[in-house]
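I have a structure here, written as structure tokens, and I will follow up with some questions on it.
All ligand and atom numbering here is 1-based and tracks the order in the structure. Treat the numbers as computed from the prediction; the structure is a model and nothing was measured. The chain is numbered in sequence order, starting from 1.
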Amino acid sequence: MNIEEKLKAAILLALPENLSKKVRLEDILLEKPKLKNFGDFSTNLAMLKQHLVSEDFANPRELAESIVEQFNQENSDIEASVAGPGFINFRLNDRRFWQIFAGLATKEDELFPQNTQSQKVIVEYSSPNIAKPFSIGHLRSTIIGDAVANLYQAMGYQVFRDNHLGDWGTQFGKQIVAIKKWGDEEAIAKSDNPVAELVKLYVKFHQEAEQDEQLNDEARLWFKKLEQGNSEARRLWQKCIDWSLTEFSKIYQRLGVKFSENDGRGFGESFFEAMLSDLIKQLMKEDFVKEGEGGAKLIFYENDQYPPLMIQKADGATLYATRDLAADKWRLEQERYQGKNGEHPIIINEVGSEQSLYFQQLYRAEELLGWYQKNERIHLKHGLYRFVDGKMSTRKGQVIWLNEVLDKAQAKAQDLSGDEETAKVLSIAALKWNDLKRNSQLSVKFDWDEILNLQGNSGPYMLYAYARAKSILRKAKEQGIKVQQTSDTQQLSDAQQLTDAHLLVEPLEKEIIQLLANFQKIVKQSQQELNPALLCKHLYSLAKEFNSFYNKYQILQDSSGEEALLRRDFRLQLVAQVSFIIKIGLKILGIETLERL
Ligand code: ARG
């Protein structure tokens, strides 16, 4: 039980009898008092009107006074008091803080025991398209999806990380025609950016096709050949995949992102191709799947809740949706995705919000088919990037090459740090934090000054706070002081010893202890709300308080006397805890730390 839960339980025990029957633990809301010297927690419980009705109290303040009196009789570690018209404030005494401090976890698996959940989770993210640029939208998907997968893993879920590559579809007919007519395979293979060459060819195809209708027929023919397994078609298609994946894997490597499925490559759309004709046959047996005009096949929704979803075109071609349906059906059939008690997996698709309607159609279809229930399918959406820097603006037709964005971030970070390895880590931290620090559904302002700002809410700020903490610990070690290091077995200071020494806890220390103690709860909440921004916010508060603490106190100053030593050791342990939590927190967000900066 964390401190807030303990406090709620104690409040419940202090309620007048009538009330204690009606109020449940979850009805009690604890907040931070607006002013710090009002205490550590506050509740408006006594001010909720319904509580007065059957009680013998004339007004909220009277009720609050009664609760406070009872509470203070029963608790010696926390002091309650009434404020204003009936707020109750609670102040933890120092002994309580020492206890919380001494009870902090010092090992990662204490905070996050692995594989405790029976249900499993598939997080599908990134999912760029073959022979197309890896877009900024795919970058967002990669960063957010990876963080959410980490959050689930931290909370004890077995997580499968999938990449639904766009590697199938009629566009490959056009791409093949373009390569054959105007392309030079050798030159593409040798170029710095083969995907850029493929994009150029694809654009050329569309320009030429405006003059020459026949090209489209040729493209359809080549896609047919591809579907039928024609070796030339397959060979060129495979080339497109290889060239693109070489490019994409450079990006994943720089971002430090890995997938677990299909040998790390992810199950792309083409993997499901062989299942499509059977799937369509099966779907046609349902009465909500019908043939439309001209012979296209569509899923229709009750009361036209959504527009119909096409699963096969009139010419027999399948679509994006057909392959998503096949993927999700296949996932249901794989033993390893099933929960320990036979639950279906939870499937999370991290895809831009522009595909909202599509995913609603898809999920509803999967419900109608009896495959998944509502809570088993989640569209984790993200908004757009807005570029502040004119040069990087997405003017019509202008492609942003992600490797160039990463290079630019790195060059800018190098101005801050000077050294190349550091700049790599710093720049990726900056980009990821910029993306994760706000609700992912909002669009992101892409502003280099904000992203790399050392003073503000930025990735580099977080890394500097961590490195600062580590440098204090190194100095202590050099001076021969033994400091509890994370993940070793040594215990934190004994709460009793600190209490007996009558050491007072300073307000900043209280703040930090509470932030440390709440970390696990925040990670859980971030996972439940699929919102890494909550974790960012918490870590940022911790880093800020730590920086104030670091600036205010000479932690390693010469200390003589038992009390000074006790305090110094406590503070060093606090610093070790801060570095431990920042490191794990950033790791969950997919951000690497640096020991020195
Ligand atoms: N390749 C798609 C795109 O770039 C995203 C795929 C998302 N995942 C899915 N299961 N549909 O728009």
Do the two ring centres, one from Trp433 and one from Tyr461, sit under 6.0 Å apart?
no

Test item: Ser443 side-chain N/O and Gly383 main-chain N/O as donor-acceptor pair under 3.5 Å
no

Partner set under side-chain hydrogen bond (donor to acceptor under 3.5 Å, both in side chains) for Lys181, not counting sequence neighbours
Glu218

Strictly by modelled atom types, are Thr318 and Arg323 linked by a side-chain donor-acceptor pair under 3.5 Å?
yes

For residues Gln238 and Asp242, is any side-chain donor paired with an opposing acceptor at under 3.5 Å?
yes

Are the aromatic ring centres of Tyr363 and Trp371 under 6.0 angstrom apart?
no

For ligand 1, would you mind listing the residues that have at least one heavy atom less than 4.0 Å away, ordered by chain and number?
Glu124, Ser127, Asn129, His138, His164, Tyr320, Asp324, Asn349, Val351, Gln355, Phe359

